[in-house]
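All remarks here apply to the structure that follows.
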Amino acid sequence: MRQPLVVALCALALAGAGAAPAVAAGPSPTGADTTTGPGPTTVADVVDGVVGPAARTLSGLTAPKAAAVSFAGTVSLSNCSGSVVRMPGSQADDPALVLTNGHCLESGFPAPGQVLVDRASSRSFGLLNSSGSRVATLRANRLVYATMTDTDAAVYRLGTTYAQIKSAYGIDALTLSDTRPAAGTAISVVSGYWKRIYNCSVDGFVYRMKEGDWTWKDSVRYTPACDTIGGTSGSPVVDGATGKVVAVNNTGNEDGGRCTLNNPCEVDQNGTVTVRRGINYAQQTYWFPACFGADNRLDLNASGCVLPRP
């Protein structure tokens, strides 16, 4: 799971044993993942400023940016990446939403089977413009939904509407697609944390993907060009043709391990396990629009909503 190393170490020291899984992803000088947990924004700012220049020399970080995809609407978190998103039916005066990974929560990794709904939050996000410059700090007032069961996602509600963000900064939210992407789709993984864009294609889909104690369904597998590293967790995966978000970046197999933390494995319908060292993955997001109604309110009982429930 793609979290930064220094931030994770600080969180682990603060949280103590048993607060979260002992290992999670984060970039070392080689891009290897070593530990887990989010940390304070001030530490992440240091990581971004000090580690960032060196990490930018890693393979794949300087891949050309797709013409239709920019940083506009993406956000940097204290330990991950994310994006301001809207559902296909969202209105301009709806409270804006931010999408990231469930494993990027301030409180640590949700346990297998755990679903968090409607929790108080004051988390802040750095809003980026098209060139990747930070233009504002946005703040959540609720954690709307988060889980690492079946998917790896968290949705926050801001105290700001889409119209207010557009008026103040000229930035539109990214729209979540409500249809499943196809294999071969050209995609961009846009990291607000590193301010880098990875371009590749959907290589295929994974019936079940296991990492440590967690299992995810119908995951997206990237072609090798998207060699994402720690800090890219929560990045929107954008369809290069439509500009819509089709997935949220979350993990990759780093060492060739089998179904362990930082080394997810693929499990097919017959139970056959495949390990693909160096390959990275995302969780599809077309599930989400059916679960949100008027005013961007979450309704897990809505027709067509298949997200896990508490």
Side-chain angles (χ1 to χ4, degrees), residues 1-4 8 24-27 31 33 38 55 58-61 63 65-66 69-71 73-77 79-85 98-105 109 125 128 132 146-148 150-155 174 176-177 180-181 185-206 209 211 214 216-240 243-254 261-264 266 276 278-288:
M1 296 169 214
R2 303 294 192 182
Q3 290 184 324
D33 295 342
L58 294 173
S59 172
L61 286 183
K65 182 168 60 177
V69 178
S70 76
F71 295 102
T74 62
V75 299
S76 58
L77 283 66
N79 60 339
C80 287
S81 301
S83 55
V84 180
V85 297
V98 167
L99 172 70
T100 187
N101 284 146
H103 78 258
C104 293
L105 292 181
F109 294 5
F125 310 93
L128 306 186
T147 191
M148 287 177 64
D150 293 353
T151 186
D152 182 6
V155 178
L174 302 178
L176 290 187
S177 174
R180 189 176 186 270
T185 298
I187 54 174
S188 295
V189 182
V190 189
S191 173
Y193 186 93
W194 290 116
K195 302 176 179 62
R196 295 291 165 180
I197 298 176
Y198 302 77
N199 298 310
C200 62
S201 299
V202 175
D203 184 56
F205 302 93
V206 182
M209 188 163 71
E211 181 173 346
W214 292 274
W216 302 307
K217 295 180 178 180
D218 202 20
S219 304
V220 173
R221 182 199 311 118
Y222 304 144
T223 52
C226 282
D227 52 351
T228 52
I229 63 169
T232 62
S233 281
S235 299
V237 179
V238 181
D239 184 317
K244 294 182 178 181
V245 176
V246 295
V248 57
N249 179 69
N250 80 311
T251 195
N253 186 293
E254 298 198 341
L261 286 173
N262 310 322
N263 290 289
E266 302 182 10
R276 302 178 191 269
I279 295 299
N280 299 293
Y281 302 90
Q283 302 308 309
Q284 297 194 62
T285 51
Y286 74 95
W287 296 2
F288 281 85

**Asked** After noting the C-alpha distance and the side-chain angles of K217 and D150, does the key distance pass the salt bridge (charged side-chain N to carboxylate O under 4.0 Å, His left out) rule?
**Response** CA-CA 5 Å; K217 295 180 178 180; D150 293 353; 3.6 Å; yes

**Prompt:** Is W214 close to F109 at the side-chain level, that is, under 4.5 Å between some pair of heavy atoms?
**Reply:** yes

**Item:** Of P181, C200, P236, the residue whose pairing with I187 passes side chain to side chain contact (heavy atoms under 4.5 Å, CB included)
**Value:** C200

**Request:** Decide yes or no for D152 and E211: does some side-chain heavy atom of the first lie under 4.5 Å from some side-chain heavy atom of the second?
**Result:** no

**Prompt:** Which atom pair, heavy atoms only, marks the closest approach of N250 to H103?
**Reply:** O-CE1, 3.4 Å

**Request:** I would like to know whether Y281 and W216 meet ring pair (Phe, Tyr, Trp, His ring centres under 6.0 Å); could you show each step before the answer?
**Result:** CA-CA 11 Å; Y281 302 90; W216 302 307; 9.0 Å; no

**Prompt:** With no hydrogens and no angle check, is any side-chain donor or acceptor of T285 less than 3.5 Å from a backbone partner on A247?
**Reply:** yes

**Item:** Under 3.5 Å: donor-acceptor pair, side chain of S81, backbone of G231
**Value:** yes

**Request:** Could you walk me through whether S191 and T232 pass side-chain hydrogen bond (donor to acceptor under 3.5 Å, both in side chains), step by step?
**Result:** CA-CA 5 Å; S191 173; T232 62; 5.7 Å; no

**Prompt:** Within a strict 4.5 Å, meaning less than it, do heavy atoms of the P224 and I279 side chains meet?
**Reply:** yes

**Asked** Is there a side-chain contact between I229 and Y198, using heavy atoms and a 4.5 Å cut-off?
**Response** yes

**Request:** Say whether, by atom type as modelled, one donor and one acceptor occur between the side chain of N249 and the main chain of A282 under 3.5 angstrom.
**Result:** no

**Asked** Between T151 and Q284, which heavy-atom pair has the shortest distance, and what is it?
**Response** OG1-O, 4.2 Å

**Request:** Identify the heavy atoms of Y222 and V237 that sit nearest to each other, and give their distance.
**Result:** OH-CG2, 3.4 Å

**Donor-acceptor contact below 3.5 Å, side chain T100 vs main chain A154** = no

